[in-house]
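Have a look at the structure below, then the notes.
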Protein chains: 2
Amino acid sequence: MALKPDYFAPMNITRIEKLCQERGLKMTEQRRVICRVLSQADDHPDVESIFQRAAAIDPKISIATVYRTMRLFEEANVIEKLDLGDGRARYEENRDEHHHHLVDIKSGRVIEFKNEELEAMKRKIAADLGYDMVDCRLEIYGIPKTSKA
Amino acid sequence: MALKPDYFAPMNITRIEKLCQERGLKMTEQRRVICRVLSQADDHPDVESIFQRAAAIDPKISIATVYRTMRLFEEANVIEKLDLGDGRARYEENRDEHHHHLVDIKSGRVIEFKNEELEAMKRKIAADLGYDMVDCRLEIYGIPKTSKA
DNA sequence: GTATGTGCAAACCCTTTGCGCACTT
DNA sequence: AAGTGCGCAAAGGGTTTGCACATAC
């Protein structure tokens with residue numbers, strides 16, 4: 001298990017926990033642990049991963065609690081739920097900045113990107129079809145460029 | 001075999017069935033029925049819908065067969081599997097022409113669109129990140145425009 | 001005739017939920 | 001103290017699979 005040692009060190013209130021407080025969510029010990037896990041994640045973990053990382057801090061936490069908390073946090077706009085096409089939900093901190101994901105299909109690595117021109121184009125495509133875009137999902141699946149060519 | 005030839009005799013071979021033959025797939029009656037259902041679909045049906053439509057032609061067909069056939073057809077590039085974000089697979093005839101979907105979140109209607117400029121942009125985004133795009137998923141979720149433009 | 005496909009039901013995976021106890025406010 | 005959250009295990013929805021029988025080539 002590759003847990004960072006500072007998982008166990010005393011921590012200041014995380015950004016995510018602060019967001020939760022602002023939204024008036026009741027903060028339990030389990031939710032605080034999950035906040036820490038989410039704040040320290042630099043990937044896009046699924047529920048199982050979040051559960052395992054949380055269980056490393058508090059072994060009594062239940063995966064049902066993780067599911068319930070993910071839903072709660074998502075509805076409170078604290079985190080964002082992703083569908084990266086592998087049949088389970090993944091989560092990231094909600095940074096209120098629209099972006100998409102490029103998935104390296106060899107390594108599973110996920111790279112974030114944003115592009116204003118792209119946003120404008122999507123909006124225009126929707127408008128041309130008679131729609132206002134209210135949401136959008138875009139993932140690019142790719143392989144590292146071959147040095148040749 | 002208990003099925004009446006009646007069901008099939010007046011039908012021309014569908015485009016999808018022809019594709020299956022070209023790919024060398026063994027054609028059973030169940031698969032032929034599913035080919036008809038898929039050929040006649042003008043929506044993006046899920047497995048349950050395909051199963052019901054097929055069962056209207058051959059009541060003895062099993063949903064397991066539909067699942068197996070969908071996978072087979074998808075792997076043979078006869079149909080394309082879609083993920084429209086509602087937790088179940090949807091399918092469309094594979095027209096070998098890259099396009100995406102706009103989902104009307106009020107009515108559930110799905111509109112197809114393609115845009116070369118968009119394709120180029122995606123490819124460039126991937127390239128700029130050091131990747132060759134091998135696949136891509138894009139759905140726009142929208143509501144009918146309220147104001148006239 | 002043999003390999004392959006099918007129907008059925010059980011199994012699977014991810015996720016949700018009913019219940020009684022524990023906790024936050 | 002009241003109301004909410006938690007852990008557990010069972011249930012749910014979509015999908016896959018083991019088995020014995022049926023079918024295509």
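Excluded from the calculations below are hydrogen atoms, water molecules and symmetry mates; all remaining heavy atoms, backbone and side chain alike, are included. The chains referred to below are lettered A, B, ... by the order of the sequence lines, with proteins before strands, and numbering in each begins at 1.
- Note: the hydrophobic cluster containing B:V47 does not contain B:L84 (ILVMFWY, side chain heavy atoms under 4.5 Å, direct or indirect links).
- B:T65 places no side-chain N or O within 3.5 Å of a backbone atom of B:I61 that could act as its donor or acceptor partner.
- Atom-to-atom, CG of B:D86 to P of D:dG13 comes out at 15 Å; the value is rounded to the nearest Å.
- B:D135 has its side chain out of reach of A:E139: every pair of non-hydrogen atoms, C-beta onward, lies at least 4.5 Å apart.
- In this structure, B:D58 places its CG atom 16 Å from P of D:dA22, rounding to the nearest Å.
- As rounded to whole Å, 14 Å separates atom P of D:dT23 from atom CZ of B:R31.
- Minimum heavy-atom separation, B:N77 to B:N94: O-ND2, 3.1 Å.
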One character per nucleotide, please: for nucleotides 15-25 of chain C, 5' to 3', B when the base has a protein heavy atom closer than 4.0 Å, S when only the sugar-phosphate does, - otherwise. BBBB-----BS
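- When the local axes at the two ends of the helix from C:dG1-D:dC25 to C:dT25-D:dA1 are compared, using 5 base pairs at each end, they differ in direction by 30° after rounding to 10°.
- By the 30° and 60° cut-offs, the orientation of the rings of A:F113 relative to A:H100 is tilted.
- The distance between atom CD1 of B:I34 and atom P of C:dG5, rounded to the nearest whole Å, is 13 Å.
- A:D43 and A:R53 are joined by a salt bridge, as a carboxylate oxygen and a charged side-chain nitrogen come within less than 4.0 angstrom of each other.
- At the phosphate of C:dG7, OP1 or OP2 sits under 4.0 Å from a side-chain N or O atom of B:T65.
- Of all the heavy atoms in A:R31 and A:K26, the pair that sits closest is NH1-O, 2.7 Å.
- Phosphate proximity of D:dA24 to B:Q30: absent, as no side-chain N or O sits under 4.0 Å from OP1 or OP2.
- Residue A:P144 comes nearest to A:D104 through the heavy atom pair CG-OD2, 3.6 Å, listed as atom of the first residue, atom of the second, then distance.
- In this structure, A:F51 atom CZ and D:dC8 atom P are separated by 8 Å, rounded to whole Å.
- Put simply, the side chain of A:K145 gets close to the backbone of B:A127: a donor and an acceptor are under 3.5 Å apart.
- Taking atom CD1 on B:I50 and atom C1' on D:dT15, their separation rounds to 13 Å, with Å as the unit.
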